[in-house]
There are 2 protein chains.
Amino acid sequence: MERESPVRLFQNYLKSQGFNVTKVRCQITETLFSAPEHMTVADLWARLRNERNISMSTIYRTLDLLVEGGLIRKIDLGDAFAHYEPVLGQTRHEHLICTRCSKIVEFALPDIEERFFETAEHYGFLHQRHELKIFGLCPDCQKSSISQEVP
Amino acid sequence: MERESPVRLFQNYLKSQGFNVTKVRCQITETLFSAPEHMTVADLWARLRNERNISMSTIYRTLDLLVEGGLIRKIDLGDAFAHYEPVLGQTRHEHLICTRCSKIVEFALPDIEERFFETAEHYGFLHQRHELKIFGLCPDCQKSSISQEVP
DNA sequence: TTCGTTGCAAAGCTTTTGCACGAAT
DNA sequence: ATTCGTGCAAAAGCTTTGCAACGAA
């Protein structure tokens, strides 16, 4: 059995909420799901502007809809930009980020995640979500740090 | 034996780097260390402007120096503002944040922290730092959510 | 006196908003 | 035909920077 494509799911969401299904919205969704993860608005804009005239406002607005529809998640990767990652069929994961080249590795620690829920409960909080980021130097950047000092 | 005051430590740092020890820098440091944690630049500005005319630029610049000197840490608490917290004599901790009233609880999970180091190593990364944030509703906000619906 | 430092205003950056034109139903 | 969506430009909001006046050594 085939899984529904993200674009199809988004179309269903839009209809269910009384929003219009438009070409731009579908193109943004397709681009977001067909390319490197953790894209920023600028990334999407750079990829889409070849195909059509598109404004960043529209990208921001469409991404908001995708977030509300539960298809993507807005994440903070420690830089100045909002990043977006697919939620569909993804297991919950955290991010390991290279502070030199921005390379990102996804990892999961399911047993530890349980502790996060317990911690919230322990302080009487109702857990909503959590975010774990580990920053460091990736293997490549460690090598180049030796031969060629970072400015 | 008494511990050196933050202001004194900062003065030492400034001298060691050839920077001037100024009244403004000392006042900012004193205010930052004598009041609620996780302050923003605007918080500091509001507290200091009663005593003297001070610009946000200076606060930003002084905070940068305090970060470089290792006396404070710049942290992201999920809102639009940069927050700063003392490093001195603090044990490493993470943050539990109420998404409604922004209340913050600090907690530590030392055994789990070890796993973060291992995770970095496992992927060949050289660990530099990590950040864990748990978002949820604090006890008070859970109560008021029942009686009085959030808009 | 000599430089580093400060306050002010302007600029920078990402993101949001107002509005008239254009597209979807 | 009506309502919603889009592009453009301007505005917002936090942070940074240029510069002349000021203060520390």
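Order of the sequence lines fixes the chain letters, A, B, ..., with proteins taken first and strands second; residue numbering starts at 1 for each chain.
Enclosure of atom CZ in Arg73(A) by more than 12 non-hydrogen atoms of other residues, nucleotides or ligands within 6.0 angstrom is indicated. The environment of Arg92(A) atom CZ is dense: over 12 non-hydrogen atoms of other residues, nucleotides or ligands sit within 6.0 angstrom. With a 6.0 Å radius and a threshold of 12 heavy atoms from other residues, nucleotides or ligands, Glu121(B) has its CD atom at or below the threshold.
Arg52(B) comes within contact range of the sugar-phosphate backbone alone, with a heavy-atom separation under 4.0 Å but no base atom that close. Using a 4.0 Å heavy-atom distance criterion, Val21(B) is classed as a sugar-phosphate-only contact. Within the 4.0 angstrom heavy-atom criterion, base atoms lie near Arg61(A). Backbone-only engagement by Ala82(B) is indicated by non-hydrogen atom pairs under 4.0 Å involving sugar-phosphate atoms exclusively.
Nucleotide dA25(D) holds its P atom 8 Å from the NZ atom of Lys15(B), rounded to whole Å. In this structure, CD of Glu51(B) is placed 13 Å from P of dG7(C), rounded to the nearest angstrom. A straight line from CE of Met56(B) to P of dT15(D) spans 9 Å, rounded to a whole angstrom. Protein atom CZ of Phe19(A) is 17 Å distant from nucleotide atom C1' of dA23(C), rounded to whole Å. When rounded to the nearest whole Å, the span between OH of Tyr60(A) and P of dA12(D) equals 17 Å. Whole-Å rounding puts the Ile28(B) CD1 to dT5(C) C1' distance at 11 Å. Straight-line distance from the CD1 atom of Ile54(B) to the P atom of dG7(C): 5 Å, rounded to whole Å. The interatomic distance linking Asn20(B) (CG) with dG4(C) (P) rounds to 8 Å, in whole Å.
Non-hydrogen atoms lying under 4.0 Å from DNA chain D are contributed by nothing in residues 62-70 of chain A.
Here side chain to side chain donor-acceptor pair (under 3.5 Å) pairs that include residues 57-68 of chain A, with residues two or more places apart or in two chains, are Ser55(A)-Thr58(A).
Note on the helix from dT1(C)-dA25(D) to dT25(C)-dA1(D): terminal axis deviation equals 20°, with five pairs used at each end and the result rounded to 10°.
Of the residues near DNA chain D, Ser57(A) and Lys23(B), the one whose nearest nucleotide (by heavy atom distance) lies more toward the 5' end is Ser57(A).
Across Val87(B), Thr29(B), Leu14(B), a single residue satisfies side chain to side chain contact (heavy atoms under 4.5 Å, CB included) together with Leu66(B), and that is Thr29(B).
Across Cys101(B) and Cys98(B), no two heavy atoms sit closer than the pair N-SG, 3.5 Å.
Note on Arg100(B) versus Asp140(B): no salt bridge recorded, every NZ/NE/NH1/NH2 to OD/OE distance being 4.0 Å or above. No salt bridge links Glu51(B) with Arg49(B); every basic N to acidic carboxylate O contact stays at or beyond 4.0 Å.
OP1 or OP2 of dC8(D) lies within a sub-4.0 Å distance of a side-chain N or O belonging to Asn53(A). Dashed line: the shortest gap from a side-chain N or O of Thr22(B) to OP1 or OP2 of dA24(D) is not under 4.0 Å. An OP1 or OP2 oxygen of dG7(C) is reached within less than 4.0 angstrom by a side-chain nitrogen or oxygen of Ser55(B).
Using a 4.5 Å cut-off on side-chain heavy atoms (C-beta onward), His130(A) and Thr119(A) make no contact. Side-chain contact between Glu113(A) and Arg115(A) is absent, with no heavy atoms from C-beta onward closer than 4.5 Å.
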